[in-house]
Amino acid sequence: MVFQSKRKQELQAALEKLEAAENRVAELEADWQAIQRSVALAVMSGDGLFESVSDVFLDMLGYQEQQLIGEHHRVLCKPEDARGEAYIRFWRELVTGHVQQGRFLNLGADGQPIWLEARYLPVLSDKGIVKRIIMMASGTTEALPA
């Protein structure tokens, strides 16, 4: 009888922890959805493939979601820039966990240049390996040379 009571208490404690974790996940999901609704955001794999993009990001650059998901970030770049040393260095820094920020020239869906003020945030695993990269961006009104 004592064993059953102790086991019941352990199960109840485990259930309470599970419910608390589920509530926290729901809160984080709601936070993430609020961010996606209001920020130009792109989530990429560690090797630069688009996994998700916010509607704000799509609207800013004129793309449809299916045009970007599964594509490499370089689709937003001029071909000569994507082959350049600066772009290679940029990705080397990202995949080694270093945040990159500044003004970046991107190509809209219509091929027109769009300058974005952006921050690229590497997300690290518990072993310090880059799992994905989150890009947060805003348009810039400053006219910069293409």
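Numbering starts at 1 and runs along the sequence shown.
Partners of Glu27 by salt bridge (charged side-chain N to carboxylate O under 4.0 Å, His left out), not counting sequence neighbours, listed by chain and number: Arg24. For Thr96, the side-chain hydrogen bond (donor to acceptor under 3.5 Å, both in side chains) partners two or more places apart in sequence, or in a different chain, are His98. With sequence neighbours left out, the salt bridge (charged side-chain N to carboxylate O under 4.0 Å, His left out) criterion links Glu16 to no other residue.
Taking CG from Leu76 and CZ from Arg74, the interatomic distance works out to 11.0 Å, rounded to the nearest 0.5 Å. Atom CG of residue Leu68 and atom CE of residue Met44 lie 10.5 Å apart, to the nearest 0.5 angstrom. Taken to the nearest 0.5 Å, the CE atom of Met60 stands 8.5 Å off from the CD1 atom of Ile114. Atom CG of Asp81 and atom SG of Cys77 lie 6.5 Å apart (nearest 0.5 Å).
Val123 is connected to Val43 through a chain of hydrophobic side-chain contacts under 4.5 Å among Ile, Leu, Val, Met, Phe, Trp and Tyr, so both are in one cluster. Using a 4.5 Å cut-off between side-chain heavy atoms of Ile, Leu, Val, Met, Phe, Trp and Tyr, with links allowed through other members, Leu49 and Phe90 fall into different hydrophobic clusters. Both Ile134 and Val99 belong to a single network of hydrophobic side chains, linked directly or stepwise wherever heavy atoms of I, L, V, M, F, W or Y lie under 4.5 Å apart. There is no path of hydrophobic side-chain contacts, each under 4.5 Å, that joins Met136 to Val56. Under a hydrophobic-cluster definition in which Ile, Leu, Val, Met, Phe, Trp and Tyr are linked whenever side-chain heavy atoms come within less than 4.5 Å, directly or via other members, Ile129 and Ile133 are assigned to different clusters.
In this structure, the side chain of Ser54 engages the main chain of Val39 through a donor-acceptor pair within 3.5 Å.
Across all non-hydrogen atoms, the minimal contact from Gly97 to Leu124 is CA-CD2, 4.2 Å.
Sequence neighbours left out, not one pair with a member in residues 46-71 passes salt bridge (charged side-chain N to carboxylate O under 4.0 Å, His left out). For residues 82-97, the salt bridge (charged side-chain N to carboxylate O under 4.0 Å, His left out) pairs, not counting sequence neighbours, are Glu85-Arg89. Listed by first then second residue, pairs satisfying ring-ring contact (aromatic ring centres under 6.0 Å, His included) with a partner in residues 36-83 read His72-Trp91, His73-Tyr87, His73-Trp91, His73-Tyr120, not counting sequence neighbours.
Side-chain contact between Leu105 and Lys78 is present, with heavy atoms from C-beta onward closer than 4.5 Å. A heavy-atom distance below 4.5 Å is not found between the side chains of Ser45 and Arg132. A heavy-atom distance below 4.5 Å is not found between the side chains of Leu107 and Gln112. No side-chain heavy atom of Leu94 sits less than 4.5 Å from a side-chain heavy atom of Val130. Met135 is not listed as a side-chain neighbour of Leu41, based on a closest heavy-atom distance of 4.5 Å or more.
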Requested in this report: Assess whether side-chain contact (heavy atoms from CB on, under 4.5 Å) is satisfied between Leu61 and Asn106, documenting all intermediate values.
Outcome: CA-CA 8 Å; Leu61 294 173; Asn106 291 263; 4.2 Å; yes

